[in-house]
Number of protein chains: 2
Amino acid sequence: MKKSSNHSANPRGDLSAQIAASIRDAIIAGELIVDDRLPSETELSEQFEVSRPTVREALKRLAAQALIRTQRGATGGAFVNHIKYAEAYDQQITTSTLLLSMNDISIVTACEARYALERACTPLSAARRSADHLATMRAEMHRQSQPGLSDEAFCASDVAFHRALVDGAQNPVMSYQLAGAVEAMQPLMNMITFTARSRERIVELHGQIADALEAQNGEDADAALIALEAYTVSLAKDVLEARKARG
Amino acid sequence: MKKSSNHSANPRGDLSAQIAASIRDAIIAGELIVDDRLPSETELSEQFEVSRPTVREALKRLAAQALIRTQRGATGGAFVNHIKYAEAYDQQITTSTLLLSMNDISIVTACEARYALERACTPLSAARRSADHLATMRAEMHRQSQPGLSDEAFCASDVAFHRALVDGAQNPVMSYQLAGAVEAMQPLMNMITFTARSRERIVELHGQIADALEAQNGEDADAALIALEAYTVSLAKDVLEARKARG
DNA sequence: AGACTTTTATTTGTCTGACAATTGATTTTT
DNA sequence: AAAAATCAATTGTCAGACAAATAAAAGTCT
């Protein structure tokens, strides 16, 4: 790692960014595998010919992406982390949420993506859903029917319902990919005020979905999802127009 | 330096992790909006009652997630970053790739997810694809037909083809979500040796897809994708069995 | 010998203080 | 007025130190 005396700005960024990229590449390329221990911070600072704070900044970058974990103590150090779905979920949701809020995506576009992807799960979910998934869906529907539920709690329950639908496909890769699409919508949905009547309609459609999945009827579930998308979009449009008229 | 004397381990993690989480929450909650400037590192270290290196580690964590960018100089500092799709792509692909390789996901599972999601794009892509998307697909098919192309280059071209298909839906949210599903497959696909005959078959199916999209016929494109998935899975199984027989 | 305690070595976490590099703003000079 | 020099603020990097955690090693007692 020579560093070749860089006077002009480095395309890879700061030293800590370069070092982080170097280690990240090694992990992706499989040169470092799960639970491998990286050299100690002192050793790394010697190898890369930088100071320990710089190495530490690099390691924190990697830790932020859950690529490594660190442990104190005699046998401690930085270890290549086994990325679990739960950790990847969180990251994906954070990124997706900010992406939606920062690029003024319309509700129509976001809904289109979300429901298209969700509908991709329904045939699989209809075929494979367990009793557990169905029970979760029914439980969330029950919660959604309770009066006095706040809009936020209603949205959270809505997410849980759809998550059960997705998880029913029993494909962890799909569950992971869909996490961003479904959960990132929540801030957008939170803008909507759900009246008692609209909640009733949504729960009704949820019931159709749950019934169809229970009957392993993918087509009916698909149709209900299409109706749900249309209804959600129309609700959102009403809110936007009302807001425009007022403001 | 009060810090309320922490003797037991903090649930939020290290100081730098806590500070990073605190700032991240502020960004997600909208208290800090795009292009807002954070206080200088010195000011932050005073506010959080920690040293500057600790603040810097926190900022590097956020930079690794593309939540902030930093700039040197008199008017420099850390700014809330406008997350663009390109940056989010990279992160998603890195995470997805590692997730697949570390959780020994079978090729069948990964393919199932990928093609299910991709098929969710086809109706939209058939309706909206531009001449540009079609041209990209044809160009990649032409590249895939050239003899002497390495397996890796063939895979890369395959990804480019499918990316054009997805982008044809003209929905940036879908493009983003699909990036992980499509690109993360590449390392898995790179294990496959593509014979001249199998390449021919794949290009043929690609042709069917391109033709169908050009004719705005979503159903034919869907059928071709199903065939492509089945063919890919059978190729992968052959490779695995051959490897098992040898090893 | 075996179980318990103490010590020790290693490593990450944090702090302090310093200097270099960058860069926009300010002042001076032409 | 334009160009050049200076300045000030800020991030980037470094060196060295100490605290805290932690497991292994050494020592001690029964």
Side-chain angles (χ1 to χ4, degrees), chain A residues 1-23 32 35-64 66-81, chain B residues 1-23 32 35-64 66-81:
Chain A
M1 297 293 162
K2 261 299 125 59
K3 281 203 307 176
S4 67
S5 73
N6 261 315
H7 284 281
S8 57
N10 200 305
R12 281 271 234 178
D14 301 332
L15 282 180
S16 69
Q18 291 174 43
I19 292 167
S22 168
I23 297 174
L32 291 167
D35 292 335
D36 270 2
R37 207 200 101 161
L38 274 64
S40 75
E41 294 176 354
T42 310
E43 285 173 308
L44 284 173
S45 69
E46 286 163 5
Q47 285 181 25
F48 286 101
E49 296 178 345
V50 298
S51 67
R52 192 157 85 92
T54 302
V55 166
R56 282 182 61 80
E57 286 177 9
L59 294 181
K60 294 314 166 199
R61 293 180 116 107
L62 299 175
L67 293 182
I68 62 170
R69 63 178 186 281
T70 54
Q71 211 175 0
R72 284 222 269 209
T75 58
F79 298 84
V80 177
N81 195 32
Chain B
M1 301 294 157
K2 267 296 127 63
K3 282 204 303 173
S4 69
S5 70
N6 260 317
H7 284 283
S8 55
N10 200 306
R12 280 271 235 177
D14 300 333
L15 282 180
S16 69
Q18 292 175 42
I19 293 167
S22 168
I23 297 174
L32 292 167
D35 293 334
D36 270 3
R37 207 199 100 160
L38 274 63
S40 74
E41 295 176 353
T42 308
E43 286 173 307
L44 285 173
S45 68
E46 286 164 4
Q47 285 181 25
F48 287 101
E49 296 181 344
V50 298
S51 66
R52 192 159 84 95
T54 302
V55 166
R56 282 183 61 81
E57 287 177 9
L59 294 180
K60 294 315 165 199
R61 294 179 115 109
L62 299 175
L67 293 182
I68 62 169
R69 64 180 187 281
T70 55
Q71 211 175 358
R72 286 221 267 209
T75 60
F79 298 85
V80 177
N81 195 33

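Keep in mind that what you see is a predicted model, and the values were worked out from it rather than measured. Throughout, protein chains are lettered first and strands after them, A, B, ... in sequence-line order, and every chain is numbered starting at 1.
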Looking at A/Thr54, I'd like to know whether one of its side-chain N or O atoms comes within less than 4.0 Å of OP1 or OP2 on D/dC14.
yes
Please tell me which of the listed nucleotides, D/dC14, C/dT10, D/dA19, lies nearest to the side chain of A/Ala74?
C/dT10
B/Arg52 (side chain) and D/dT13 (base): donor-acceptor pair under 3.5 Å
yes
Hey, does the side chain of B/Arg69 reach the backbone of B/Asp35 with a donor-acceptor pair shorter than 3.5 angstrom?
no
Is A/Thr75 near enough to D/dA24 that one of its side-chain N or O atoms lies under 4.0 angstrom from OP1 or OP2?
no
Where the side chain of B/Ser51 is concerned, which of C/dG13, C/dT11, C/dT16 is the nearest nucleotide?
C/dT16
5'-most by nearest nucleotide on DNA chain D - A/Pro53 or A/Gly73
A/Pro53
Would the distance check show the side chain of A/Glu41 and the main-chain N or O of A/Val55 forming a donor-acceptor pair, the cut-off being under 3.5 Å?
no
Closest approach to the side chain of A/Glu57, judged atom by atom: which nucleotide of D/dA15, C/dT10, D/dT13 is it?
D/dT13
Which nucleotide in the list D/dT11, C/dA25, C/dG13 gets nearest to the side chain of B/Glu41?
D/dT11
Side-chain N or O of A/Ser16 less than 4.0 angstrom from OP1 or OP2 on D/dG12?
no
Selection from C/dC15, D/dT13, C/dT22 that lies nearest to any side-chain heavy atom of B/Arg72
C/dT22
side-chain hydrogen bond (donor to acceptor under 3.5 Å, both in side chains) test vs B/Ser16 passes for just one of B/Lys60, B/Arg56, B/Arg61, namely B/Arg61
Between D/dT13, C/dT16, C/dT12, spot the one nearest the side chain of B/Arg56, thanks.
D/dT13
How many Å lie between CD on A/Glu46 and C1' on D/dG16, as a whole number?
15 Å
